Protein chains: 2
Amino acid sequence: MYVLPHAPPPQPVQPAGDRFVESAVNNTLPALEPWPGLHRFRVSVRTPPPVQHGRQPPYVFDRETNKLYVDMIIAVTFAFRVAEGTDTTRLRVSALPVYPDMHHVNTPVRRCPTHRLPELECNNGAGSFIDHVIRAEHDDAVYQEGGTTKERRSVVVPYERPPPGTLDYLVSYRFCCMNTCVGGINRRRLMVLFTLEDSSTGEALGRQSVEVKVCKCPHRDARTDRSRALPKQRRPASSPDPQEPPSRRPCPAGRLVVEVDDMIEYDHLKAVLASFRAARRGLLRARSTSDSATPALPASVSSDTTSSERDSPAERRTLFKTEAP
Amino acid sequence: MYVLPHAPPPQPVQPAGDRFVESAVNNTLPALEPWPGLHRFRVSVRTPPPVQHGRQPPYVFDRETNKLYVDMIIAVTFAFRVAEGTDTTRLRVSALPVYPDMHHVNTPVRRCPTHRLPELECNNGAGSFIDHVIRAEHDDAVYQEGGTTKERRSVVVPYERPPPGTLDYLVSYRFCCMNTCVGGINRRRLMVLFTLEDSSTGEALGRQSVEVKVCKCPHRDARTDRSRALPKQRRPASSPDPQEPPSRRPCPAGRLVVEVDDMIEYDHLKAVLASFRAARRGLLRARSTSDSATPALPASVSSDTTSSERDSPAERRTLFKTEAP
DNA sequence: CAGGCATGCCTG
DNA sequence: CAGGCATGCCTG
Ligand SMILES: [Zn+2]
Ligand SMILES: [Zn+2]
């Protein structure tokens, strides 16, 4: 369940057993399922601000998978929305990082030892939130403390009325560890839980989540994920059953490579490949005029998979052994 | 100079300007050149102890390059030797990790923030040496403290008389960070400086060094380094000048690969490669009987390069920016 | 343990 | 910024 953020349809009422009095800052299992609630709470990621000519935008948000790809410390603008006419003066939004993978849901997310060093430039002026993975760009942001390692760390901002003529309340967040950080997130999947709360009572009024991959090459990794989600192509007869879970073996969507032993083999295969491709292109052109009803990647299939499980590749992390108390 | 541990021949006298009073634990530049000194101080790495049938030895020592490949926390047995008849009662050996690369020689080596956490199992019982990269398996080991981040951390053991009938004094050391540790060694090359010292005065009497790569796959990485050091093979006419420094482009000694776009190309090239190889093997067999004077890898070239510079691939590290004081 | 992937980061 | 390597670690 917990690796399927969007699988269950939004629930009209708060599921039993996951009420948050105060804030979601405790070690109990928070619900990850989206729940717009009475105020129809919604979250999305804003398109990155226009960038200089020829430069890539600083982050990527894949709406299909509801997954954000971004480098560390980059400000990402999130857009919150509630039903029109909602009195927002008593609302606030909490952002809590969680590990969606079942085996780690109960582990609070904390910055890694390296990135929580006070000497780091990015920690200049950081006080209580030095070990928070998520920072909010907001003067009134409140960092919920994790006094012990067991407690969860979240950041809360008041819900402000959007400027006239706009519907979204915009808040920028920064992610202050990589998904790969050893001794921290440590290659686990990461999700941000946004909870709409009543500022006075702390009661949860709505909830949404976004998966985040904090990495050095957001565009590359988004592209990789997208190509993995492509419908399976026809394989040669000897290939494994397409129903099989994605294997690590060469697959058409990944990087496919033939290893050779020396430059002679290399040059030979390069030449063979070039003429082979030329021959196939000729074949394709001939086909596409006579048989245009066979596109390689039917667009319909792609959208079919939108709400189905889309596991990231197998987990690649090893926790540090710590001394048992 | 500092990336060439073996380039200068051993010097009969201690070079000026690098005397170590007390121990080498300070922030001045220690000399890295081997200097056996009056006592003919020598260091080598013992062959790993016999292992279970079919298992790989726990570490690799390449005598040609004087480089050790080992995983973290694994005990490696070093063998020290001095001239026969030397009175060893007043001698000790200091082991100090240093960065041989010129730009980092002055940076003390310290364990990374993640590995110096007291909660880690491997730090159970570790006191003052919790942030030392090198630990000695010796009851009387003394860890030279680096009170501030600026100071160097070394470990000193008394030089004990080898058991009767043996020449070497054996001491086991453990390396407690990876070469890749972020916020620590951080992908820099690492060298261990062994200094033979007078126990009373701390005077340096001899010096040797060993390069160490602390990594998860010692055998793989040793093999990779070795294959990179192979003599250049003849290249096609279009290839770069073999005198050029090793480039990242496909090179016969590295992993050579032809990338393809789909399984059809993949299968085609695999088939082509198989028959191409069969054809060449036939050719080779035919040749080897008629023209055996053209070995692909003349043995002489290999030993030619023994004492020349053998840079590891370009540096791959980025230091954390820390706040300027 | 060999094979191979994922991902930070170095090179053109 | 695209291409590609180095290396920890996951899979058979
Ligand atoms: Zn981190
Ligand atoms: Zn470390």
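Please read these numbers as outputs of a predicted model, since none were measured by experiment. In what follows, chains carry the letters A, B, and so on, assigned in the order in which the sequence lines appear, proteins first and then strands, with residues in each chain numbered from 1.
- When the nucleotides D/dC9, D/dC1, C/dC9 are ranked by their closest atom to the side chain of B/Arg187, C/dC9 comes out on top.
- One interatomic measurement links the two molecules: CG of A/Asp221 to P of C/dC5, which rounds to 15 Å at whole-angstrom precision.
- Between B/Arg188 and D/dA6 there is no side-chain N or O to OP1 or OP2 distance below 4.0 Å.
- At D/dC10, none of the side-chain N or O atoms of B/Lys216 fall inside 4.0 Å of OP1 or OP2 (strictly under the cut-off).
- Spacing between atom OH of A/Tyr69 and atom C1' of C/dG8 amounts to 17 Å, rounded to whole angstrom units.
- Atom CZ in B/Arg226 sits about 17 Å away from atom C1' in D/dA6, given to the nearest Å.
- Checked against a 6.0 Å centroid threshold, the rings of A/Tyr173 and A/Phe78 count as neighbours.
- At a threshold of 4.0 Å, the pair B/Arg188-B/Asp101 does not count as salt-bridged, since none of the basic side-chain nitrogens sits closer than that to a carboxylate oxygen.
- C/dG8 atom P lies 15 Å from atom NE2 of A/His219, rounded to whole Å.
- Following rounding to the nearest Å, B/Arg189 (CZ) and D/dA6 (P) show an atom-to-atom distance of 14 Å.
- Interatomic distance, CZ of A/Arg110 versus CZ of A/Arg116, reported as 3.5 Å (0.5 Å rounding).
- For the pair A/Ile185 CD1 and C/dT7 C1', the interatomic distance rounds to 14 Å; values are reported in whole Å.
- B/Ile73 places its CD1 atom 14 Å from the P atom of D/dG8, with the value rounded to the nearest Å.
- Taking only side-chain atoms of A/Arg228, from C-beta outward, the nucleotide of D/dC9, C/dA6, C/dC9 with the closest atom is C/dA6.
- In this model, the phosphate group of D/dT7 is approached by a side-chain N or O of B/Lys213 to a distance below 4.0 Å at OP1 or OP2.
- Across all strands, A/Arg55 comes closer than 4.0 Å only to sugar-phosphate atoms, never to a base (heavy-atom distances).
- For A/Thr180 and C/dT7, the shortest distance from a side-chain N or O to OP1 or OP2 is not below 4.0 Å.
- Rounded to a whole Å, the CE atom of B/Met178 is 7 Å from the P atom of D/dC9.
- A salt bridge is absent between B/Arg111 and B/Asp131: the closest approach of a Lys/Arg side-chain nitrogen to an acidic carboxylate oxygen does not fall below 4.0 angstrom.
- Judged by distance alone with a 3.5 Å cut-off, a donor-acceptor contact links the side chain of A/Arg220 to the base of D/dG4.
- Although no hydrogens or angles enter the test, the distance criterion places no donor-acceptor pair under 3.5 Å between the side chain of A/Asp221 and the main chain of A/Cys215.
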